[in-house]
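Below you'll find the structure, written out as structure tokens, and then a few comments.
Letters A, B, ... mirror the listed sequences (proteins, then strands); counts begin at 1.
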Amino acid sequence: MKLLPFEKPLAELYDKIAQLRKLSIEGNIDLSSEIEKIESRAEQVRKEIYTNLTPNQIVQVARHPHRPDTASLIRLIFDTFVELHGDRLFGDDPAIVGGIATLGKFRVVVMGHQKGHDTKENIHRNFGMPNPEGYRKALRLMEMADRFRMPIITFIDTPGAYPGIEAEERGQAEAIARNLREMAGFTVPIISFVIGEGGSGGALGIGVANRLYMLQNAVYSVISPEGCASILFRDSKKSDIAADAMKITATEIMKLGIADGIIQEPLGGGHHDWKMVAQRIQETVQAELLNFKSLSGNEIKAQRYAKFRAMGRFLEPLE
Amino acid sequence: MKLLPFEKPLAELYDKIAQLRKLSIEGNIDLSSEIEKIESRAEQVRKEIYTNLTPNQIVQVARHPHRPDTASLIRLIFDTFVELHGDRLFGDDPAIVGGIATLGKFRVVVMGHQKGHDTKENIHRNFGMPNPEGYRKALRLMEMADRFRMPIITFIDTPGAYPGIEAEERGQAEAIARNLREMAGFTVPIISFVIGEGGSGGALGIGVANRLYMLQNAVYSVISPEGCASILFRDSKKSDIAADAMKITATEIMKLGIADGIIQEPLGGGHHDWKMVAQRIQETVQAELLNFKSLSGNEIKAQRYAKFRAMGRFLEPLE
Amino acid sequence: MSIIDWFAKKEKSTGSSERLNIPGDVWVKCTSCSEILFQKDLESNQKVCPKCGFHFRISPEERIRYTFDTNTFIEKDTTLGPTDFLRFFDTESYADRIRKAQSKSGKNDAVVSGTASINGLPVNTAIMNFAFMGGSMGSVVGEKITRIIERSVEDFKPVVVFTSSGGARMQEGIMSLMQMAKTSAALERLTEQRVPYISVLCDPTTGGTSASFAILGDINIAEPGALISFAGPRVIEQTIRQKLPKGFQRSEFLLAHGMVDMVTDRRELKTTLSTILTTLSIPREPI
Amino acid sequence: MSIIDWFAKKEKSTGSSERLNIPGDVWVKCTSCSEILFQKDLESNQKVCPKCGFHFRISPEERIRYTFDTNTFIEKDTTLGPTDFLRFFDTESYADRIRKAQSKSGKNDAVVSGTASINGLPVNTAIMNFAFMGGSMGSVVGEKITRIIERSVEDFKPVVVFTSSGGARMQEGIMSLMQMAKTSAALERLTEQRVPYISVLCDPTTGGTSASFAILGDINIAEPGALISFAGPRVIEQTIRQKLPKGFQRSEFLLAHGMVDMVTDRRELKTTLSTILTTLSIPREPI
Ligand SMILES: [Zn+2]
Ligand SMILES: [Zn+2]
């Protein structure tokens, strides 16, 4: 498992453990108590590191190449899943996967941004950056969900919508904007999870939800810390300061009233235990679907509207 | 004005008239009574020709390069017209023009296939053969019409949807099919006019109407006479027989219960007097809009459904 | 229209296995990989070539056997048949063509429709028959498709249609074109009623059939390698005066271009259909 | 996001005529054709270069003067102002940036909204102000846009919005992003109420503004030559590592790609708007 820069203290301990193990086997010596000691020390260090992550470090966890991806989570969470393809207009975008799924008695439409875990996968998935046809596929599936009264589950994990010539030609702005408007109109509940990077309009394009959850080490921001740093701080290396200033962590997004809950990850980040992450998301999905069962379609729509209507901080003194 | 092959007898008479005129001027002789005689003879011949047109000859009139086109008719028929562009997905197709218009107190959305009158125009308009984005623009405008309770007027004049690689890639079949389904659902009246060629699915794609009118020399067919001849008759030169066999003229389409009325053209074809054609269409539009004013949205939709539901000729003996 | 291709290819080899039979009906040559296959093996493999996966065209009877629970298919509208109402005559009369196709197939027209169940889930269904005049859509096809859709509007059973058609039936003139509008209009009602419609596009699905009910599934499933197009390859080649790329207008091409949800092996179709239908159907009682 | 370009270009010449003034406010050089123009001539021509047709950026006051019937504009929500709720500090604090922008412009934030009439037709309207922090959308812009839309949901007056914005206001973090959803959700209600919404996209309309209310007009009208994009040209160039074609992401490009209904000269805008509004509005009384 790739260690992140701030996990360096762990690297040394892990190396030492490996050496001791090798020694123990080669020399046929019992070093188990020494190994245990270092292991417990490593656990201690890991706990220390992970209970005090800076926003910038959290960004790195959120982008970890082995972080659980949408397609894998879907298969771990749901009983059945049939992937559906295409926007019926232009193409099928591998940067967004979606389909129909069941979970116990619940029937849902589920979709999310899809990143890869290696270069080849990432190129195929365009690093999780959708083109307009991705958003249009998502919309088609959501419209189907609304028609067949199936709740919508979305997983958000993208650096942003793809900034390319053809994406602009085919209306990236239009595709995202239309989704924002249409999602506001659906009468089925929409439950969204930011599972990694929630990057700007490209994230929001499938995120106009009744309920928004964030994984503990996920981030959600209007622009990447690097982008913010290079524009506002005039120095792209100041992304750590920008990450801090923009309030992009789960805790901050929750404080601002944008997220409704945080899903704890295993110590050391979600990439250490996909199943645990999946299980916790599954529990949340089930609980939320039960909650919304008692609401009518119009109530569901009104709740979503009220939620977004209240977003904003401004002053309005009496004249 | 270009004369059609079957108008050859007229050509000789017109030549003679021109010669006499020239002679009369050059020689300063009064030939007016001779000229008049030939003119009245020409009128006679024209009447004879045009009261007995074969289906194949009607096809030629329907395709006459100076036949009134959609954009010109729109401007002649309506008081105001604002052309709208684009499908909001991929492009703007010049082979279909459309927009919003007023006629007295009526507010409508109007659109139609657009052919050109010369090679340059025809290339720009792709000879009136839409790509998928043309049908999607049409659908966008019709959805707007439905939302704002504006009747829809369509003018049909196409050899067919464009058979090209990119058109197939972008879903020509899907674009047409979706229009057929969605047009069936609108609660505003749809009045269609076949003004020239009604070619196959490409024509029907904007033709699922409550009321269908055909200009006297317009044709409407499932495949071009040439196409039918080359497939069924195994000889593309037999298009005259195919045109006859397929029953594609206004009279036949009306007999089959597909068209609801025929709009008479000036003698010699609509290309001789666009204004007259426009005025007669305008009268029909006004009369129909008045008719439908008394119906509710659901009644309008039900009337359209019933109309298409009844289309088909089959046997069904009791078992 | 792309029925041109059907006519042009009529004499040539096609995906239809009958044409490839060696006398005795025992051996058959795969259209795709040329493997000589034992007819019984091919049939027990749902007419999918065990060597290369090529999907042979199949008859409605075979489709019923492979897809529906045993003995659940009940045919409807069995007496509906075509009529030569235009007295259409090309190289022979439409009336004669009808008679020949009927006596050859033992069927009235190019579609078989009825009710059935898939792993216990009841559906209204229609299966097109390419062997009957190229699966062309005339009044009978349009009427039978419309009727099963209208039944589902009433009884809420999902609709599953298997398409295989060269397009409109020219011998019925403009009336065949209108079947596109009629069937699509029925689907508008079905959509409004929130009843699922699954379209299974089989080889070939072209012309007016592709541009109406075939492509309008809530979920579109294509069989591997099927030709699915609006304009036929020949017409396009004539228009653009160049050869078409390999795989153009085949199922996998349509998947890449966003037009179908999946390309599914015939042998997995029943399972896939039953999962989809279970997931999409709104639990409710018929009215 | 494309606000990058705004920051990058901040010091360079822009479409804003103020920056080009020669002392004395008498002469101004056309950004496009370099013609030296008499300021008064330019103003009497609605700030369109009489020589080349270049459309200068204009202030909300100018927009109001050119578009609405005299003295019909009544500003609403005048006291709504921004707050530095994240205590955001980059090279300076957001609080300071706000103060500076306010004192320079005399406005609270980057949009002016209210009611007005166009050839006698009443509308609810908003006009973005690029001169105020690049027209960036924070809570105030989102709230004011949402309020005029919600008013139209009640009183059925058409909505006309003039956009000019570099995108989201980063200093308000995630809250600025959410304004995209908030304004778009309001438009969903407007659509449901069948009230027309005309979006007039002016130079520039990029980022989060373009990807929300700006592009969602029932009818989208672009001013000639306006930059309209989701991703800014610089970001795209950095991504694809090549120069962009001329005219890319300009109004005429969007017209060709089906994203706007028309590109309309500012001097014809009032007439066009009034024809459109007359045609689209369903005759009815407000509830
Ligand atoms: Zn084979
Ligand atoms: Zn100039």
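- Interface remark: of the candidates D/Val195, D/Ile221, D/Thr278, D/Asn220, D/Asn220 forms the most heavy-atom pairs closer than 4.5 Å to chain B.
- The choice from D/Ile215, D/Thr272, D/Ile276, D/Leu254 that makes the most heavy-atom pairs within less than 4.5 Å of chain B is D/Ile276.
- Atom CZ of D/Arg194 is separated from atom CG of B/Asp146 by 6.5 Å, given to the nearest 0.5 angstrom.
- Close approach to chain D, defined as a heavy atom under 4.5 Å from one of its heavy atoms, is seen in no residue of residues 158-175 of chain B.
- Judged as a ring pair (Phe, Tyr, Trp, His ring centres under 6.0 Å), and not counting sequence neighbours, the contacts of D/Phe248 are D/Phe253.
- When heavy atoms are compared at a cutoff of 4.5 Å, B/Ala145 does not approach chain D at all.
- With a threshold of 4.5 angstrom between heavy atoms, D/Thr191 approaches chain B through its backbone and through its side chain.
- Contact residues of residues 118-136 of chain B toward chain D are absent (heavy-atom distance under 4.5 Å).
- Here D/Ile219 contributes atom CD1 and B/Ile100 contributes atom CD1; the two are 4.0 Å apart, rounded to the nearest 0.5 Å.
- You'll find the side chain of B/Met150 reaches within 4.5 Å of the side chain of D/Thr279, heavy atoms only.
- Of the possible polar contacts, one joining the B/Arg107 side chain to the D/Leu280 backbone as a donor-acceptor pair under 3.5 Å is found.
- Here the closest heavy-atom approach between residue D/Asp218 and residue B/Met144 is recorded as O-CE, 3.0 Å.
- Taking the side chain as every heavy atom from C-beta outward, B/Arg140 and D/Asp261 approach each other to under 4.5 Å.
- Atoms CG and CE, on B/Asp92 and D/Met259 in that order, are 11.0 Å from each other to the nearest 0.5 Å.
- Interface residues of residues 76-88 of chain B toward chain D, defined by a heavy-atom distance below 4.5 Å and sorted by number: B/Thr80, B/Val82, B/Glu83, B/Leu84, B/His85, B/Gly86, B/Asp87, B/Arg88.
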